[in-house]
Amino acid sequence: MKFKKKILCIGAGYVGAPSNVMIACKCPDYKVTVVDINPQRIDAWNSDNLPVYEPGLDEIVKKTRGKNLFFSTDIDNQIKENDIIFVCVNTPTKTFGTGAGMAADLQYWEKTARQILENSKSSKIVIEKSTLPIKTALAMERILASGKGDITFDVLSNPEFMAEGTAIHDLENPDRVLIGSRETPNGLAARAQLVEIYSRWVSPEKIITSNIWSAELSKLVANAFLAQRVSSINSISALCEKADADISEVARAVGMDSRIGSKFLKAGIGFGGSCFKKDILNLVYLCHFYGLPQVAAYWESVVKINEYQQERFITNILQSMFNTLAGKKICILGFAFKADTGDTRESPAINITRMLLAEHAEVVISDPKALGNAAVDLAHNEGRISYIEDPYQATAGCHALAIMTDWDLYRKLDYRKIYKSMIKPAFIFDGRNIIDQHKCFEIGFNVFPIGKPALTRL
Ligand code: NAD
Ligand code: UGA
């Protein structure tokens, strides 16, 4: 079959693969190829056991794979063959040298830019989909312009706003698609080509265009604002616990103001995921770089409150359980950083488990999708850890359970049955405020919510 357009995605991770699977699904006349340096990942994308769990993803992959969607490790040849290239490689926080612990590590991204240059025999549109520091496109342009010959490259910024667990819904019904470009004739023409792709399923008023630096920065700022809301509500949850207010009631009252809105006001054990912390630290680094220490300190406080929320949670467990956890068995219900994903990157459950192990507690980890990743995250930790998917088996014989992930499953458990199988006095630390706390208290549990008075007989 002759395809109308050929699109390449470099980086088959949580963003690259689902976003390009969606393009393949919505544009059956386009050929979409997703490549990665990791052959195991590509094998998994070509198998029945996809490397990423997302509701609805399996169905779309099955519908399109082998027809107009392909997964491959042959990066060099695919660069040659495709004219539109999305770059979706990872951009983690730098762990070494200048900016360690804050700046973005751009080594994977730069390697890709050089590989595109080396293998291109015709002009291309190169699209930044990874989240990058402002002005990265300039560096990308300089690398791509360093070649000989008359091949040209137009660099666009098209950051991705999907969230894990709802990726397919978000990609199908985005609040907006943002496309930044140079405002030159070539830049505008490249931008128009990308607009045409999204126009297949996104309404025109939701496809917004901007200058390239605004697009790069908007992505960092959007994540910073979302994380800031979570830290804001979490900071108030600490005050609620001291002053007998209820954080859910406060969030409802505050969020009903249409100027504020109700989303991202759920107090919990702090935000996790591979991006919020990384992107805020990147923003903080940029502010320092541009000589704005006050602005940097403002955004850094969002990360500090997030750490504080996790420390508060563990202190609460320790103090409520008579200041000793040594030898006590504690079940972690949920290890993923949020519901409906197996992703555990920066999950608060990792730190909390480590802090429990440091207190010599015995930890049982339960999760419907994240046990494999949990075992990798905790592989180098000493202490007694076991992994049990079934929540009833996992909680049996425990002194306490700590709810870390807002899986719907945990709302619906038979807590009476669980209570019977636990050591008494039995404790629940509801890190997500998702269970019927009063009912659990009536059953016999001592219940410790976030941002609400504890329900305890002790
Ligand atoms: P990921 O680690 O899941 O995937 C990145 C992939 O790129 C990996 O499979 C890796 O092997 C591959 N890769 C690295 N270097 C490569 C190279 N030179 N050639 C080919 N493949 C290479 O990361 P992710 O979660 O998909 O995030 C990717 C980017 O998207 C990051 O910048 C992130 O900030 C951004 N982002 C992520 C999300 C999300 O929900 N995870 C949402 C929006 C934006
Ligand atoms: C987030 C953004 O929502 C996406 O728009 C963005 O594209 C993505 O980061 C990214 O750049 O990677 P994601 O991290 O997948 O998406 O998930 P969120 O739903 O934003 O949740 C992040 C964390 O905040 C989770 O740990 C979640 O449990 C926590 N959270 C969220 C709360 O504690 N309370 C809330 O009210 C909302």
Side-chain angles (χ1 to χ4, degrees), residues 268-269 272 310 313-322 324-342 344 347-375 377-378 381 383-450 452 454-458:
I269 27 133
Q310 292 172 28
F313 188 76
I314 205 80
T315 305
N316 195 15
I317 296 183
L318 183 61
Q319 289 178 353
S320 315
M321 296 183 72
F322 321 112
T324 173
L325 299 176
K328 290 181 182 164
K329 202 169 160 190
I330 299 182
C331 178
I332 297 283
L333 278 183
F335 207 82
F337 81 97
K338 63 183 284 198
D340 292 322
T341 176
T344 60
S347 177
I350 301 174
N351 269 343
I352 285 167
T353 302
R354 288 189 180 141
M355 290 190 254
L356 292 173
L357 292 170
E359 291 292 338
H360 292 185
E362 180 182 346
V363 183
V364 184
I365 313 258
S366 192
D367 191 288
K369 293 286 175 197
L371 286 191
N373 282 335
D377 295 331
L378 300 171
N381 285 91
R384 295 168 75 192
I385 315 175
S386 50
Y387 303 89
I388 304 177
E389 187 174 327
D390 180 277
Y392 296 103
Q393 281 176 29
T395 47
C398 285
H399 295 75
L401 52 96
I403 301 174
M404 297 284 110
T405 312
D406 47 343
W407 284 106
D408 206 28
L409 160 79
Y410 300 144
R411 280 179 237 277
K412 298 174 183 157
L413 292 176
D414 180 347
Y415 282 98
R416 197 173 293 282
K417 177 172 162 187
I418 288 177
Y419 179 74
K420 281 192 195 136
S421 73
M422 286 177 64
I423 310 274
K424 312 298 180 308
F427 296 79
I428 296 186
F429 297 90
D430 185 1
R432 297 288 190 163
N433 283 342
I434 56 166
I435 56 165
D436 184 337
Q437 294 163 347
H438 285 278
K439 190 170 160 205
C440 285
F441 176 63
E442 280 159 25
I443 288 170
F445 282 105
N446 296 292
V447 182
F448 292 83
I450 297 278
K452 303 172 193 225
L455 300 166
T456 170
R457 296 179 184 81
L458 298 169

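Computed over heavy atoms, backbone and side chain alike; hydrogens, waters and symmetry mates excluded.
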*asked:* Nearest 0.5 Å, please: how far is CE in M422 from NZ in K417?
replied: 14.5 Å
*asked:* For R457 and N446, which I'm curious about, is there any donor-acceptor pair between the side chains at under 3.5 Å?
replied: no
*Can you find a pair of side-chain heavy atoms, one from P348 and one from I350, that are under 4.5 Å apart?*
no
*For residues F429 and I450, determine if any side-chain heavy atom of one lies less than 4.5 Å from a side-chain heavy atom of the other.*
no
*May I have the step-by-step check of side-chain contact (heavy atoms from CB on, under 4.5 Å) for R354 and N381, ending in yes or no?*
CA-CA 7 Å; R354 288 189 180 141; N381 285 91; 3.2 Å; yes
*asked:* Working to the nearest 0.5 angstrom, can you tell me the gap between K452 NZ and N433 CG?
replied: 4.5 Å
*So do the side chains of E389 and D367 get within less than 4.5 Å of each other, counting heavy atoms only?*
no
*Donor-acceptor side-chain pairing of D340 and W407 below 3.5 angstrom*: no
*Verify the neighbour count for atom CZ of R416: are there more than 12 heavy atoms of other residues, nucleotides or ligands below 6.0 Å?*
no
*For P449 against Q437, the heavy-atom pair lying closest together*: CB-NE2, 3.3 Å
*Say you draw a straight line from CG of L356 to CD of E359; how long is it, rounded to the nearest 0.5 Å?*
8.0 Å
*Does the cation-pi check pass for K439 over Y415, that is, NZ or CZ under 6.0 Å from the six-membered ring centre and within 45° of its axis?*
no
_Residue pair F335 / L378, side-chain heavy-atom distance below 4.5 Å_ = yes
_Approximate separation, where rounding is to 0.5 Å, of E362 CD and C331 SG_ = 11.0 Å
*Look at the rings of F445 and Y419 and say which category their plane angle falls in: under 30° parallel, 30 to 60° tilted, over 60° perpendicular.*
perpendicular
*Start with the C-alpha distance between L325 and L318, add both sets of side-chain angles, then the distance that settles side-chain contact (heavy atoms from CB on, under 4.5 Å), and finish with yes or no.*
CA-CA 6 Å; L325 299 176; L318 183 61; 3.7 Å; yes
*Do I330 and V364 touch side chain to side chain, with heavy atoms closer than 4.5 Å?*
no
_A side-chain contact here means heavy atoms from C-beta on lying under 4.5 Å apart; do I435 and I428 qualify?_
yes
*asked:* When you compare the side chain of M404 with that of R432, does any pair of heavy atoms fall below 4.5 Å?
replied: no
*So how far is it from I434 CD1 to K412 NZ, rounded to the nearest 0.5 Å?*
10.5 Å
*Please assess F448 against L455 for the test side-chain contact (heavy atoms from CB on, under 4.5 Å), listing each intermediate value before the final yes or no.*
CA-CA 6 Å; F448 292 83; L455 300 166; over 6 Å; no
*Check against side-chain contact (heavy atoms from CB on, under 4.5 Å), T456 and V447*: CA-CA 6 Å; T456 170; V447 182; over 6 Å; no
_Contact between L357 and V363 at the side-chain level, heavy atoms closer than 4.5 Å - yes or no?_
yes
*Can you see which heavy atom on A349 is nearest to which on G334, and at what distance?*
CB-O, 4.0 Å
_Smallest separation among heavy atoms of L371 and I388, with atom names_ = CD1-C, 3.9 Å
*Of the non-hydrogen atoms in K328 and M321, which two are nearest, and what is the gap between them?*
NZ-O, 2.9 Å
*Kindly compute the distance separating OG1 (T341) from CZ (F337), expressed to the nearest 0.5 Å.*
5.5 Å
